[in-house]
Number of protein chains: 2
Amino acid sequence: MSTPHSARARARIEVTAAIKDEARRQLASEGATKLSLRAVARELGMVSSALYRYFPSRDDLLTALIIDAYDSLGEAAEAAAEAVADATPTRRWIAVCEAVRAWSLAHPHEYALIYGSPVPGYTAPQSTVPPASRVGLLLIGIVRDAIKGPGVTFPPLAPELRPEAERLAAEIAPDLPPEVAAALVAAWAQLFGLVGFELFGQFNRVVEDREAFFRHAAGQLALGVGISDRPSARR
Amino acid sequence: MSTPHSARARARIEVTAAIKDEARRQLASEGATKLSLRAVARELGMVSSALYRYFPSRDDLLTALIIDAYDSLGEAAEAAAEAVADATPTRRWIAVCEAVRAWSLAHPHEYALIYGSPVPGYTAPQSTVPPASRVGLLLIGIVRDAIKGPGVTFPPLAPELRPEAERLAAEIAPDLPPEVAAALVAAWAQLFGLVGFELFGQFNRVVEDREAFFRHAAGQLALGVGISDRPSARR
DNA sequence: CAAAAAAGAGAGCAGTGCTCTTGCTTCAGA
DNA sequence: TCTGAAGCAAGAGCACTGCTCTCTTTTTTG
């Protein structure tokens, strides 16, 4: 937070940022598998061994990029939500979904890094958890507002799932009804299924007008969690 | 199809299979990034350059593994469908979804290879298209049977999406109503969103009873495409 | 001001994908 | 059945990778 006291400390964060920037450039243009520490160092005019003073391994660099990607996506989604803060819940939901899709199409390799195969290790480091939940929290907020009004119909919930749904609701959003919380988590995962399929070519020769298809699918997702524009407080 | 005439041709397909088997083993245990041509050759007692007589590059080997993975998944899904061929459409739909999930949990690295980040190039080779559509075709068949009965309610369709839905239906299943075809493609993508999120750790600290959660979500997907067990011809 | 900590430079190790050349084996046509 | 051609294995080698270790220089700190 505070400005660094020593010149060395300031240089350190500058060099760290430069490394991440160059690495992000290579990631965006060639993908995670082609990202090379040596190439990053070369481009920055330093020798490769010097880079290990800043990131102890390639995986650590990738982890840093993963966190940044989560933050970048979260920021884009939050900006989109704020831009339509006064609209109906359905519109706000769809706006966030479309922001996720737009960011993913613009940053395919970064998307692959965070929602495709997890490259480093098998379980993500704990430090990636908070940034990873920004989009989820955003969706929770929208649903929270949406179900405030009267006459909302909660999504159905299989009796076997009720205990899990209650536990889940208590975990992520205690003020949400269990059936809504469970449906929301499912919709959250399904949203990224739609985006991932488009991004990774699964829709080739199947879906043509992807913009319209996605908007419609996002609207259906909203219905699935109980969002509807019936008698909203606003507008 | 026919048995090979020359001894050399027979040896070739044997060695090719051995290479793929060993590569699949390494893929399953270490992941795609760690799969090494040299290690495969070493394990098979041959020198690495000899391997290039069978696969011209590492990406070609990976492509072969991708096709095999699609086929393996498709086979598992089809077997599950046949095992409940006499059940209601909803049960058959859920059985296929659960087979997809089970296969993916059992073969995480192969799943990552085909539905995670596409490693070779950016667009999948044409040869991967037919095996990739086996699960989709299976779902189409189930829905086709399901909507035969009377009293089925078609999913809603936004007017802007109607032309695309009609084109899409003509492409993948001309006998299906456009609204069903569009909803089916969306459900297809969403299914893999659910599976991918569980597999890649996105459900950590969120969903606990994943079995029950998935079954419920799969049932909701079935409802979304218009499948219901009301007055089915069977049972 | 001196000791300690941090940073950079370079060599080096083990590994990778891939190419090229050299022999040997198997096949197919006369 | 013999021979030229094609298929295949082996080895050396190139350019690259992640990473470690040592050595020197710079900066910070007690």
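Computed from heavy atoms alone, side chains included, the values below leave out hydrogens, waters and symmetry copies. All of these numbers come straight from a predicted model, not from anything done at the bench. By convention in this document, chain letters (A, B, ...) are assigned in the order of the sequence lines, proteins followed by strands, and residues within each chain are numbered from 1.
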Visitor: Could you give the CZ-to-C1' distance, from A:R10 to C:dA6, as a whole number of Å?
Guide: 16 Å
Visitor: Which parts of residues 37-50 of chain A get close to DNA chain D, meaning a heavy atom less than 4.0 angstrom away?
Guide: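 Nucleic-acid contacts, sorted: A:L37, A:R38, A:R42, A:S48, A:S49.
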Visitor: In whole Å, I'd like the distance from the CZ atom of B:R58 to the P atom of C:dT19.
Guide: 15 Å
Visitor: Among D:dC8, C:dG8, D:dC19, find the nucleotide with the atom closest to the side chain of A:R53.
Guide: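 Within the option list, the nearest is C:dG8.
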Visitor: Salt bridge (charged side-chain N to carboxylate O under 4.0 Å, His left out) for A:R25 and A:E22? Distances and angles first, verdict last.
Guide: CA-CA 5 Å; A:R25 270 201 44 233; A:E22 177 58 32; 2.9 Å; yes
Visitor: NA contact type, B:F55, heavy-atom cut-off 4.0 Å: base, sugar-phosphate, or nothing?
Guide: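 Nothing, no nucleic acid heavy atom in range.
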Visitor: For the residue pair A:S57 and A:D60, confirm or rule out a side-chain donor-acceptor distance under 3.5 Å.
Guide: yes
Visitor: So if I apply the ring pair (Phe, Tyr, Trp, His ring centres under 6.0 Å) rule between A:F192 and each of B:F197, B:Y115, B:F203, which one comes out positive?
Guide: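 For A:F192, the ring pair (Phe, Tyr, Trp, His ring centres under 6.0 Å) check succeeds only for B:F197.
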Visitor: Taking only side-chain nitrogens and oxygens of B:Y52, does any of them come within less than 4.0 Å of OP1 or OP2 of D:dC8?
Guide: no
Visitor: Counting only side-chain N and O atoms of B:R8, is one of them less than 4.0 Å from OP1 or OP2 of D:dC8?
Guide: no
Visitor: Does A:D209 have any side chain to side chain contact (heavy atoms under 4.5 Å, CB included) partners at least two apart in sequence or in another chain, and if so, which?
Guide: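 Side chain to side chain contact (heavy atoms under 4.5 Å, CB included) check on A:D209 returns A:E211, A:A212, B:E164.
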Visitor: What integer distance in Å separates B:E14:CD from D:dA9:P?
Guide: 12 Å
Visitor: Nearest-Å distance, NZ (B:K34) to P (C:dT16)?
Guide: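 Those two atoms, NZ and P, are 11 Å apart.
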Visitor: Taking any heavy-atom pair under 4.0 Å as a contact, classify A:L35: base, sugar-phosphate, or nothing.
Guide: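 The residue A:L35 makes sugar-phosphate contact but no base contact.
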Visitor: So, does B:S36 get its side chain near the phosphate of C:dG17, meaning an N or O under 4.0 Å from OP1 or OP2?
Guide: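 For C:dG17, OP1/OP2 do have a side-chain N/O of B:S36 under 4.0 Å.
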Visitor: Nearest whole Å is fine: how far is D:dA10 P from B:L51 CG?
Guide: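 It is 11 Å, rounded to the nearest whole Å.
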Visitor: Atom CZ of B:R12 to atom P of D:dG7: distance rounded to whole Å?
Guide: 9 Å
Visitor: Keeping B:R42 on the side-chain end and B:L37 on the backbone end, is there a donor-acceptor pair under 3.5 Å?
Guide: no
Visitor: Have a look at B:L51 and tell me which of B:I19, B:L44, B:V15 forms a side-chain contact (heavy atoms from CB on, under 4.5 Å) with it.
Guide: B:I19
Visitor: Measure CD/A:E30 against C1'/D:dC16 and give the value in whole Å, please.
Guide: 14 Å
Visitor: Less than 4.0 Å between a side-chain N and a carboxylate O, is that true for A:R205 and B:E171?
Guide: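 So B:E171 does not pair with A:R205 through a salt bridge.
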